[in-house]
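One structure is given below, encoded as structure tokens.
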Amino acid sequence: MDFSTSSLRFFILVIVAINNVLIASAFTGTYGVNYGRIADNIPSPESVVTLMKAAKIKNTRIYDADHEVLKAFKGSGIEIIIGLGNEFLRDISTSQDRAMDWVKNNVEPFVPGTRIRGIAVGNEVLGGADQELWEVLLPAVKNIHTALDLLHLADDVEVSSPHSAGVFASSFPPSAGAFKETLVPYMKPLLEFFSQIKSPFYINTYPFLAYISDPEHIDINYAIFKKNAGIEDAKTKLHYDNMFEAQIDATYAALEKAGFEKMEVIVSETGWASKGDANEAGATLSNARTYNLNLRKRLLKKKGTPYRPKMVVKAYVFAMFNENLKPGPTSERNFGLFKADGSISYDIGFTGLVPSSATSLFSFKVMAACSTALVLMVLNL
């Protein structure tokens, strides 16, 4: 069979496009998972990369900058946010040199092979018990950003700082969302800087925690995305049929009151425990599966919230694994989508390390190999 040069090029482009579609379809831009490692029995970082790729997880956050983890993610295509722990904030805040050293040691050697897309400076600092950290958070954030800028990495590596619900004076109804007055002197300058560098506002949002704090007055179905009467915000006249969106809109309302109505909100943590203590109502395998399955479906729709319909909701689920060394109530050790051996905790459409992930990865490799073979056959015609 004779092929013209233009026909041959077109055919090759089609094959390449098919492969690109296969890869791109696995990434929605809205779903990520937190990869916590407070455990002594979870898979190696290399195995975790395999697991994430099999489960088509394209975004992850870690709570430190562990070099073995960063090496394992090299070439994976998975985008990662690394963490600068609260224990480093004082030193980083007082010395630009220390900030530069941290970035040179934990970011620069790994990019671009490892797709480090952000640095979370501190975690749940404002509103936390250590008030000294409230004062050093912004200087630490600025010093890390300056270091990135001087190394020409600031355009690729975002600087942020995730917050807990402890920053709010009120969050119900959503339109009543407002930051605590005691935090405003620290929050507002932080928001001003994030606005300047175009960083979003990261919030850890847990309907699970809200529900277990008041199970007698909160409908479990409202908390886990099941059919329910929902609530109406009297001020905005907006209807909410799930707590997750209501909590996000409370965050938008608080930002608006602070003068930052255009800032994007991203959920840095959300999840549901599959097991808990006697006083942790709703911490069951069934509820965890329902919440995470419905959350995933909701995020895949790439839709906004009732108050911000054009701002597509993005979230990182907590967590990748059940972490057996985490302190606190039983629920803290049972948020994982996967068990320590890499098998799924419950079925929400993911595949575990064995045996389903092997089948999934094998199928993809076979398809890619077939596409390559087709190209080679055409070139030899």
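Among all heavy-atom pairs drawn from T330 and N334, the shortest one is O-ND2, 2.8 Å. In this structure, A65 and L70 approach most closely via the heavy-atom pair O-CD1, 3.8 Å. In this structure, N292 and V317 approach most closely via the heavy-atom pair OD1-CG1, 3.4 Å. P174 and A253 make their closest contact through O-CB, 3.3 Å (heavy atoms, listed as atom of the first residue, atom of the second, distance). Of all heavy-atom pairs spanning S268 and P162, the tightest one is OG-CB, 3.4 Å. Residues A178 and K257 share a closest heavy-atom pair of CB-CD, 4.0 Å.
For residues 122-152, the ring pair (Phe, Tyr, Trp, His ring centres under 6.0 Å) pairs, not counting sequence neighbours, are W134-Y186, H145-F193. For residues 268-317, the pairs satisfying ring pair (Phe, Tyr, Trp, His ring centres under 6.0 Å) are F208-W272, F225-Y291, W272-Y291, with sequence neighbours left out.
With a 4.5 Å cut-off on side-chain heavy atoms, L151 and V103 count as touching. Put simply, the side chain of L190 reaches to within 4.5 Å of the side chain of V141, judged on heavy atoms. A 4.5 Å side-chain heavy-atom check between T30 and V312 finds at least one atom pair inside the cut-off. In this structure the side chain of V107 reaches within 4.5 angstrom of the side chain of I82, judged on heavy atoms.
A donor and an acceptor atom, one from each side chain of Y211 and E280, are nowhere located under 3.5 Å apart. For the residue pair S44 / S47, a side-chain donor-acceptor distance below 3.5 Å is found, with atom types taken as modelled. A donor and an acceptor atom, one from each side chain of H67 and N105, are nowhere located under 3.5 Å apart. When only modelled atom types and interatomic distance are considered, D97 and S95 share no side-chain donor-acceptor pair under 3.5 Å.
Taking NZ of K74 as the reference point, atom OG1 of T114 lies at 7.0 Å (rounded to 0.5 Å). Interatomic distance, N322 CG to L337 CG, rounded to the nearest 0.5 Å: 9.0 Å. Between I224 atom CD1 and S286 atom OG the span is 7.0 Å, to the nearest 0.5 Å. From S175, atom OG reaches atom CG of D233 across 3.5 Å, with rounding to the nearest 0.5 Å. In this structure, OH in Y346 is found 7.5 Å from CG in L285, a value given to the nearest 0.5 Å. To the nearest 0.5 Å, atom CG of residue L150 and atom NZ of residue K104 are 9.5 Å apart.
Each of N242, D249, T251 was evaluated against T305; a single residue qualifies, D249, per the side-chain hydrogen bond (donor to acceptor under 3.5 Å, both in side chains) test. Put simply, the residue from E245, E256, E261, E264 that forms a salt bridge (charged side-chain N to carboxylate O under 4.0 Å, His left out) with R308 is E256. With respect to R296, the side chain to side chain contact (heavy atoms under 4.5 Å, CB included) criterion is satisfied by exactly one of L300, L293, L299: L300. Paired with E79 under the rule salt bridge (charged side-chain N to carboxylate O under 4.0 Å, His left out), one option of K58, R115, R61 passes, and it is R115.
Looking at D149 and K142, no side-chain N of the basic residue comes within less than 4.0 Å of a carboxylate O on the acidic one, giving no salt bridge. D241 and K227 are not joined by a salt bridge, as no carboxylate oxygen comes within less than 4.0 angstrom of a charged side-chain nitrogen. No salt bridge links R289 with D347; every basic N to acidic carboxylate O contact stays at or beyond 4.0 Å.
A 6.0 Å sphere centred on NZ of K326 holds more than 12 heavy atoms belonging to other residues, nucleotides or ligands. D40 CG: more than 12 foreign heavy atoms inside a 6.0 Å radius. Counting non-hydrogen atoms of other residues, nucleotides and ligands closer than 6.0 Å to CD of E87 gives a total above 12.
Between the side chain of S164 and the backbone N or O of E124, no donor-acceptor pair lies under 3.5 Å.
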Pair I62, R37 - check side-chain contact (heavy atoms from CB on, under 4.5 Å), show working. CA-CA 8 Å; I62 61 175; R37 306 188 321 282; 4.2 Å; yes
The test is ring pair (Phe, Tyr, Trp, His ring centres under 6.0 Å); show your working for F194 and F201 and say whether it passes. CA-CA 8 Å; F194 283 155; F201 185 89; 8.2 Å; no
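Classification of the Y35-F73 ring pair by plane angle, with boundaries at 30° and 60°, yields tilted.
One hydrophobic cluster, built from ILVMFWY side chains closer than 4.5 Å, cannot hold both V157 and Y202; they sit in different ones.
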